[in-house]
**Student:** 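Provided herewith is a single structure, encoded as structure tokens, for subsequent inquiry.
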Amino acid sequence: MIETPSLVDQYCHGVLRTELGLATFEAQLARTEGPPAPGTTLFDTQTGFAVRRWCPPLLGLEPHCPPARYLARRRELGALEAGRRLLRGSGVTAYLVDTGLPGDLTGPEEMAAAGDADAHETVRLEPLAEQVADTSGTVGSFLANLAESVHGAAAHAVAFTTVAGARHGLALAPEPPDTAQVRGAAGRWLARREVGGELADPVLLRHLLWTAVASGRPLQLHAGLGEPGAHAGRTDPALLTDFVRATAGLGTDLVLLHGYPYHRHAAHLAGVFPHVYADAGAALVRTGARAAAVLAEVLELAPFGKVLFSSGGRALPELHVVGALLFREALDRLLGGWVAQDAWSARDAERVAQMVAAGNARRVYGLG
Amino acid sequence: MIETPSLVDQYCHGVLRTELGLATFEAQLARTEGPPAPGTTLFDTQTGFAVRRWCPPLLGLEPHCPPARYLARRRELGALEAGRRLLRGSGVTAYLVDTGLPGDLTGPEEMAAAGDADAHETVRLEPLAEQVADTSGTVGSFLANLAESVHGAAAHAVAFTTVAGARHGLALAPEPPDTAQVRGAAGRWLARREVGGELADPVLLRHLLWTAVASGRPLQLHAGLGEPGAHAGRTDPALLTDFVRATAGLGTDLVLLHGYPYHRHAAHLAGVFPHVYADAGAALVRTGARAAAVLAEVLELAPFGKVLFSSGGRALPELHVVGALLFREALDRLLGGWVAQDAWSARDAERVAQMVAAGNARRVYGLG
Amino acid sequence: MIETPSLVDQYCHGVLRTELGLATFEAQLARTEGPPAPGTTLFDTQTGFAVRRWCPPLLGLEPHCPPARYLARRRELGALEAGRRLLRGSGVTAYLVDTGLPGDLTGPEEMAAAGDADAHETVRLEPLAEQVADTSGTVGSFLANLAESVHGAAAHAVAFTTVAGARHGLALAPEPPDTAQVRGAAGRWLARREVGGELADPVLLRHLLWTAVASGRPLQLHAGLGEPGAHAGRTDPALLTDFVRATAGLGTDLVLLHGYPYHRHAAHLAGVFPHVYADAGAALVRTGARAAAVLAEVLELAPFGKVLFSSGGRALPELHVVGALLFREALDRLLGGWVAQDAWSARDAERVAQMVAAGNARRVYGLG
């Protein structure tokens, strides 16, 4: 048995505070642009099956019980108490919470309290820039306020995160745009923008990335086929190679989030570049019973000091706990299997498990 | 044991009616542009080994017997009787037969009779357009006849299928071309075309896809590294994302055939878009002993209501039966394994198996 | 048990002659652009763990012993004797040695002597062209000397190898450049080149490939995410499809080296084109405990007469022996597993093992 009693969840969101009906709950199980196939529900996925396998026992029910029964029990306990029981069953001792999503989600403090764990904030760059744009009157004030906001966020957040890949694709020009380019792009964007408008301009996205890199905080980049977004063909992290090379040696770490189905490419970059890390968690919630197979592919090329766990959990504490328990089981099965084959020593396996589960994240994010 | 007594083969072709010598038989085992490596035959592939494993017992021989012995037994029974024994050993109860290939292959009625099963026609769009071009004198008559032909086909066929990906690559402009573009492209194509000439013009291919989409019949799109064709770098189904988005909400389902080695990308699209389905069959015949591993990758992201079986069988009934038996064994091994690990419940596994084997296809194609 | 007592290592380099300290040794374990993660070493990788698993027993130590102890024993024996013990424990009976790397590495004769095996030279095209450029005064003499050098190398080498993919990316125009293009590109390159300058011009790279193809010697092309080089997004061997098609039927075999993580694409090309072969070795050293999983993916589409073993070993004999032992174990596990499931017959498995381990390479390279 490879034990991982303490996990750092290096990327997640908060959870919903309200009581959830079956439909509302189910809608959070998948990133989809419409209803499930006729005669099925969003529980009929690896994620849904994994939730049904891991969560009911934490609320005193049988594994695999019907969704309606599970939801009834959840309402009986109340969202708060159910969340507490779930999160405390995960083994996670620290959460890094991306607070940049819309919706009424709990923040780091509430995650910490509910999960009896530490919690830290990760700041999402694009909404930060959009908020600054909402309150800035001129190009000059927008750029000054943006610099100040990123600087201010770096003082309290443990990391930045960006969805530039979903917004524009990852094949961004690698070098920082010059001042004239940034001013021009900001002028054009602000001129045609309404309040709340999304940032997708590639020059401004690059400016944002480089501003964040300059802060020294680790920068998490979303990659892979995660969101329904418009750029399915441009989310391969290998497209980031030139940006990665341009940021080498500056003292800022890059963390490639998710990555699936290009997670082997992300692992390659983590092997080649000292400042690049690969995520080994977020795809697990989506692939359920296949979690060990996906994790194994990450562990082919990625050095063991370069792999970080995350759940990618959002809105439902079930996703945080499923991410954690799938990861722990997968790691035990994989590393335990390699020990059983004598491919690895038991001692090495224990050490790698601690690194991937928590130690690497503690070091990268400077956690206690 | 996960049982799948009834399969719908959602994509296959007919079989050859004539007696086959060893060389003729072997030539059908692979899509290759030339002879096998010196000292080997096309039986020295996963497909060849799978044929030798699954087919001899259905004709009363030992598994893995030498090809020559198998062919001798096949000739002894006659092509018709051998085909009947093979197809009836597959568990397939309905075939969807793409009738658009050249060569003397059996049609749906003969497949039904030989296999003691239902059979339905799938119409391949490109040969349909080429036949219309062969018999139309002007651009106007070509386009009118094409519309009528697609409309007529939709009345009796259960689906359309397209090889636009092999002809041009899947990175087609997503929107329907306008009338002037279509007339211009048709004029140029017809002017330089000889009778039988292939349709590869991207404007006409898009026109054809959109004409088929308008019919409401499910549209099957070939994707992945299937055929030797010229566009190996442009067959990733992720390239279809914009076309998929453009066709959302129109009431026509899209089925991504084959997909390998991009089948995880196809599964992603099936998860994101309500009208997209992923094929979980055609790659199995080509990967043989690895069928369960490939199927598992499809079942990572694809919702279970969105996966369809096919054999992709062509010319040899052996390919139909090997596709079916590999699929059934792979599904049993995978789902049975997940039940044994308690990742899935047995009841869920049974239900998913029926959906993937037959239920999803019955629903999508409106079969009885 | 699937036995492979004799291996041909179709692609490797020589080994260092000098005694190695821990740091020097460790630096050879990975292709990386900087130091490992804080608190870890380059031993904390699949390659490092595999070296610790397989090599200590060949020097009389326990598997998985600490690196410092292993290095101490290595120094005690001396680099020469340690190399002899290691190489002779690999089962390799013939090495094809790429002599085009800088550094003080042993040549084929020394590899043969140390390993008690045959050894043959493979000539790397780009350094050959660079050496010719160093000693040629004019465009005319450069091109004449280059033709002569390639011709001369073909007389004693068993193959050519090219890193055009790492230098420029694999999406090279497929046809040979014409004389004027070559003269123009050579003139520009020579004019701005200093002695030792790297060849990365796409016209000259294509000229070099076609010159090598004309020699009739097998041409090995590096593909996949192997080196840190600048073109991570352009190393998919599917990008070679048009070049592969253009060289079909000329009588020269192409061998796609490495390929990972696009090894399924390489296997597809090996299945479609009679003159294309897929490497099934070099990725194994890098993926260690996952070697069987990676090899299995190659064996999906690649015909069994088209797969060749290599270690990719460089500088450390440990890498040669780990490549060989991982390959032998992986092949035994995979093929043995398929036999145990009755997917393959034992006789077929034995035959395929001999082909992939040695027979195919003996045929392609014309070895005794």
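Naming: A, B, ... by sequence-line order, numbering from 1 per chain.
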**Student:** Measure A/Glu62 against the heavy atoms of chain B and call it side chain, backbone, both or neither at under 4.5 Å.
**Tutor:** neither
**Student:** Which residues in residues 300-310 of chain B have any heavy atom lying under 4.5 Å from a heavy atom of chain A?
**Tutor:** B/Glu300, B/Leu301, B/Pro303, B/Phe304, B/Gly305, B/Lys306
**Student:** If you count heavy-atom pairs within less than 4.5 Å of chain A, which of B/Gly271, B/Ala296, B/Ala267, B/Ala293 leads?
**Tutor:** B/Ala296
**Student:** Strictly less than 4.5 Å between heavy atoms, which residues of residues 315-323 of chain A line up against chain B? Please order them by number.
**Tutor:** none
**Student:** Check whether B/Trp338 gets within reach of chain A through its side chain, its backbone, both or neither, counting any heavy atom under 4.5 Å.
**Tutor:** side chain
**Student:** Heavy atoms only: give me the nearest B/Leu299-A/Gln46 pair and the separation to one decimal.
**Tutor:** O-NE2, 2.9 Å
**Student:** Do B/His265 and A/Tyr262 pass the side chain to side chain contact (heavy atoms under 4.5 Å, CB included) test, and can you show the C-alpha distance, the side-chain angles, and the key distance before you say yes or no?
**Tutor:** CA-CA 10 Å; B/His265 307 200; A/Tyr262 309 106; 3.3 Å; yes
**Student:** Go through the atoms of B/Val364 and report whether side chain, backbone, both or neither lie under 4.5 Å from a heavy atom of chain A.
**Tutor:** neither
**Student:** What distance do A/Arg333 atom CZ and B/Gln341 atom CD have between them, rounded to the nearest 0.5 Å?
**Tutor:** 4.0 Å
**Student:** For residues B/Ala343 and A/Ala289, report the shortest heavy-atom separation together with the two atoms involved.
**Tutor:** CB-CB, 4.1 Å
**Student:** Going from OG on B/Ser345 to CZ on A/Arg53, what distance comes out if it is rounded to the nearest 0.5 angstrom?
**Tutor:** 11.5 Å
**Student:** Is B/Asp342 in contact with chain A via its backbone, its side chain, both, or neither, using a 4.5 Å heavy-atom distance?
**Tutor:** both
**Student:** Report the distance from atom OG1 of A/Thr40 to atom CE of B/Met355, rounding to the nearest 0.5 Å.
**Tutor:** 5.5 Å
**Student:** Going by salt bridge (Lys or Arg N to Asp or Glu O under 4.0 Å), name the residues that satisfy it together with A/Arg69, two or more places apart in sequence or in a different chain.
**Tutor:** none
**Student:** Can you confirm whether B/Val272 sits close enough to A/Arg31 that some side-chain heavy atom of one is under 4.5 Å from a side-chain heavy atom of the other?
**Tutor:** no
**Student:** Testing the basics here: between B/Pro274 and A/Pro35, what is the closest heavy-atom pair and its distance to 0.1 Å?
**Tutor:** CB-O, 3.6 Å
**Student:** If I take atom NE2 from residue B/His268 and atom OH from residue A/Tyr260, how far apart are they, to the nearest 0.5 angstrom?
**Tutor:** 10.0 Å
**Student:** Using atom types as modelled and distance alone, determine if a side-chain donor or acceptor of A/His64 lies under 3.5 Å from a backbone N or O of B/Asp348.
**Tutor:** no
**Student:** Please enumerate all residues that pass ring-ring contact (aromatic ring centres under 6.0 Å, His included) together with B/His275, with sequence neighbours excluded.
**Tutor:** none
**Student:** Quick one: closest heavy-atom pair of B/Arg351 and A/Gly39, and the distance?
**Tutor:** NH2-O, 3.9 Å
